[in-house]
2 protein chains.
Amino acid sequence: MAANIRDVAKAAGVSVATVSKVLNGYTTVSQKTKEKVLGIVRDLDFQPNAAARSLVGQRSMTLGVYLTTGLTHPFFSNILAGMEQGLKARGYDLIYLAQLSYGSKEYNLVRHCRTRNVEGIVVFGFSHEEMNIEELIESRIPSVFIDLDVKGPRAGYVSSDNVGGIEQAVRYLHGLGHTRIGLISDLPDTYVGRLRLVGYRSGLRAAGLPYAEETVAFGDYSREQGYEAMRKLLAASRPPTAVVCCSDYGALGAIDAITEAGLSVPNDISVIGFDDLELARNVRPALTTVRQDMLSIGKRSVELLDEMIHDDEYPAPAVIFPTELIERGTCAPPKTLNS
Amino acid sequence: MAANIRDVAKAAGVSVATVSKVLNGYTTVSQKTKEKVLGIVRDLDFQPNAAARSLVGQRSMTLGVYLTTGLTHPFFSNILAGMEQGLKARGYDLIYLAQLSYGSKEYNLVRHCRTRNVEGIVVFGFSHEEMNIEELIESRIPSVFIDLDVKGPRAGYVSSDNVGGIEQAVRYLHGLGHTRIGLISDLPDTYVGRLRLVGYRSGLRAAGLPYAEETVAFGDYSREQGYEAMRKLLAASRPPTAVVCCSDYGALGAIDAITEAGLSVPNDISVIGFDDLELARNVRPALTTVRQDMLSIGKRSVELLDEMIHDDEYPAPAVIFPTELIERGTCAPPKTLNS
DNA sequence: CTGAAAGCGCTTACAG
DNA sequence: CTGAAAGCGCTTACAG
């Protein structure tokens with residue numbers, strides 16, 4: 001079987017304590033001993049047992065990821081890819097704590113973390129109601145939330161600049177000549193939904209445009225809701241000539257509704273999405289959208305956790321990444337200006 | 001802090017051995033003692049420490065997932081969602097072993113598994129060259145490969161019916177009236193690529209159609225390669241009137257090339273994809289495609305691992321899930337029959 | 001049916 | 001600079 005620390009100690013002619021010390025970078029080991037031990041470690045292909053380490057030391061070198069949302073969404077995949085980068089750089093392994101699968105009433109996140117000695121966790125959740133956040137905060141297990149403004153002594157969050165992203169989209173549309181710009185927003189009771197609405201109003205204000213309730217509709221992240229929302233906007237006495245959507249999927253639904261109404265994108269109505277998922281490039285016309293830096297969000301989340309783990313006093317992080325408007329094929333000047 | 005087994009024993013007035021026994025379902029414990037212990041366990045919210053269990057017993061209740069392919073691909077997300085179901089049902093936790101991030105030369109999968117006491121692993125890999133499969137097989141760590149026909153004493157695989165899926169697509173097209181049916185295949189040196197080519201030829205044979213090399217082009221799973229492959233097919237003296245693609249992304253690329261050539265889908269050329277990713281529904285016209293049951297593939301992989309872990313003699317599994325042709329908007333009878 | 005004891009593979013004071 | 005010893009929280013023969 002695989003060698004253990006005793007085998008190494010024996011082969012090197014030292015005690016297990018000494019082997020442990022060179023493995024853990026203690027400086028109180030002579031250069032000669034260190035080299036000897038390291039050589040044996042290599043020869044025997046020795047890897048310390050993580051369970052034993054975890055049991056005796058405080059470190060399990062395990063981070064967890066908890067999902068209150070489906071993982072089939074590409075948004076998740078991209079963030080996870082970013083997390084991997086951070087994980088590797090800091091030497092952690094990642095464990096799936098749960099998702100819908102454990103989403104039953106009996107599931108207890110904190111207990112699960114303790115059982116596995118999880119040192120910190122990344123939480124994907126869009127609303128404060130979806131889980132028992134208080135219990136997590138009280139547990140003092142370092143936590144980083146994605147897209148949810150949770151703050152506690154050992155909990156923080158990272159997100160995109162939702163206000164700025166939507167604001168920029170509105171101003172871009174205004175720059176194209178649009179004066180009736182609609183919004184298909186997230187549910188207003190979510191963190192990002194609230195901020196995006198703020199960004200919308202501030203974009204309107206910057207453009208000197210009035211805010212009208214009838215140009216705002218709400219939906220979730222689905223194509224279907226985007227479709228329904230757009231139908232509502234289209235039913236107004238003076239429908240918007242451009243619409244900003246809070247997700248790429250919602251934008252696709254909006255385009256469905258526009259097309260169904262016998263209008264075309266971008267000639268009759270301009271559409272902007274949010275996220276810049278892969279599908280934004282695949283769709284025809286390719287979707288103009290507000291890009292989120294999902295890779296960086298994931299990577300930074302892990303780095304923040306590492307900081308919190310190493311420093312009990314590390315202040316609750318609140319990191320906001322800038323967004324970027326990606327111009328593609330779904331925006332054009334309003335028709336009235338063209339003809 | 002959290003209670004340990006000694007606290008439970010003390011509170012219940014029994015030994016830790018007894019507590020351990022009731023926790024592990026030993027039948028040699030009196031009903032009375034068992035109830036008493038279970039009551040305390042509940043009161044103290046006791047959860048046994050996984051590291052200690054793993055250290056002493058052989059079981060870590062940890063399965064790993066190893067990716068030689070990117071995890072941003074929706075195919076991965078869907079399989080993972082299926083795995084979750086199996087994980088929950090059998091009581092395992094899932095650890096990310098690695099992906100590109102650890103993909104450096106020094107990374108050693110088997111060593112990593114030993115370090116973390118991983119009991120079994122699911123491997124995503126499309127080619128035998130991408131990793132050191134021999135070492136994994138020799139390690140005798142139970143392994144299930146997705147879409148790769150690896151077999152060993154402790155290694156098996158699960159996949160879709162690639163032959164049947166493509167064959168059905170060809171016959172469907174033939175049923176529509178097509179007689180020149182092209183294939184945009186995977187790289188022929190992959191397991192699935194080989195089988196899909198077999199399915200293509202057998203579909204042709206069943207339809208009484210001849211096989212011609214010039215109606216087959218190869219690519220990977222990308223839209224770009226699908227585009228290039230379709231351009232090749234279009235350049236033939238008598239281009240196909242229908243084409244089956246081995247991925248949804250490839251199908252999108254093929255449609256790009258067809259559109260660019262001034263032709264339309266499905267009026268001029270019919271297109272069928274493979275996978276049935278979410279984008280197949282999002283695209284306009286919606287993509288007719290061969291659906292893979294990704295959820296079942298993921299779930300079964302975990303179940304197979306569990307069987308192998310419990311039974312040293314469990315025969316190497318080779319599970320093939322049926323595919324399903326999903327009719328949507330990219331297929332129609334050939335033009336010559338219409339006009 | 002129950003418990004004392006050994007031991008899983010490490011790390012960390014502590015003594016030398 | 002090095003090593004003996006205790007101990008992390010469990011499980012598993014073994015004795016009773």
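Values below: all heavy atoms of this structure, side chains included; hydrogens, waters and symmetry mates excluded. Residue numbers begin at 1 in each chain, while the letters A, B, ... track the order of the sequences.
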Atom [atom1] of [X] and atom [atom2] of [N]: how far apart are they, to the nearest Å?
{"X": "A:L23", "N": "C:dG9", "atom1": "CG", "atom2": "C1'", "result": "12 Å"}
{"X": "A:N117", "N": "C:dC10", "atom1": "CG", "atom2": "P", "result": "16 Å"}
{"X": "A:R116", "N": "D:dC10", "atom1": "CZ", "atom2": "P", "result": "13 Å"}
{"X": "B:Y26", "N": "D:dC14", "atom1": "OH", "atom2": "P", "result": "12 Å"}
{"X": "B:I5", "N": "D:dT12", "atom1": "CD1", "atom2": "C1'", "result": "12 Å"}
{"X": "A:K10", "N": "C:dG9", "atom1": "NZ", "atom2": "P", "result": "12 Å"}

Give every donor-acceptor pair under 3.5 Å between a side-chain atom in residues 136-145 of chain B and any protein atom, sequence neighbours left out.
{"residue": "B:S139", "atom": "OG", "partner": "B:L136", "partner atom": "O", "Å": "2.5"}
{"residue": "B:S139", "atom": "OG", "partner": "B:I141", "partner atom": "N", "Å": "3.2"}
{"residue": "B:S143", "atom": "OG", "partner": "B:I141", "partner atom": "O", "Å": "2.7"}

Partner residues of B:S159 under the side-chain hydrogen bond (donor to acceptor under 3.5 Å, both in side chains) criterion, sequence neighbours left out
B:D147, B:N162
Looking at residues at least two apart in the chain, or sitting in another chain, which of them share a side-chain hydrogen bond (donor to acceptor under 3.5 Å, both in side chains) with A:S296?
A:D293
Assign the ring pair B:Y157 / B:Y191 to parallel, tilted or perpendicular, where the plane angle (0 to 90°) is split at 30° and 60°.
perpendicular
Whenever both distances are under 3.5 Å in a Watson-Crick or G-U wobble pair, mark it; put DNA chain C into dot-bracket that way, with [ ] for crossing pairs and | when the partner is on another strand.
|||.||||||||.|||
Establish, from distance only, whether the side-chain atoms of B:T62 and B:D93 form a donor-acceptor pair under 3.5 Å.
no
Does a donor on one side chain sit under 3.5 Å from an acceptor on the other, for A:E135 and A:N108?
yes
Side-chain contact, heavy-atom cut-off 4.5 Å: A:C113 with A:I121?
yes
At a heavy-atom distance below 4.0 Å, what parts of residues 32-48 of chain B sit against DNA chain D?
B:F46, B:Q47, B:P48
Which atoms of nucleotides 4-8 of chain D (N or O only) lie under 3.5 Å from a protein N or O atom, and what are those distances?
{"residue": "D:dC8", "atom": "O2", "partner": "A:V56", "partner atom": "N", "Å": "3.4"}

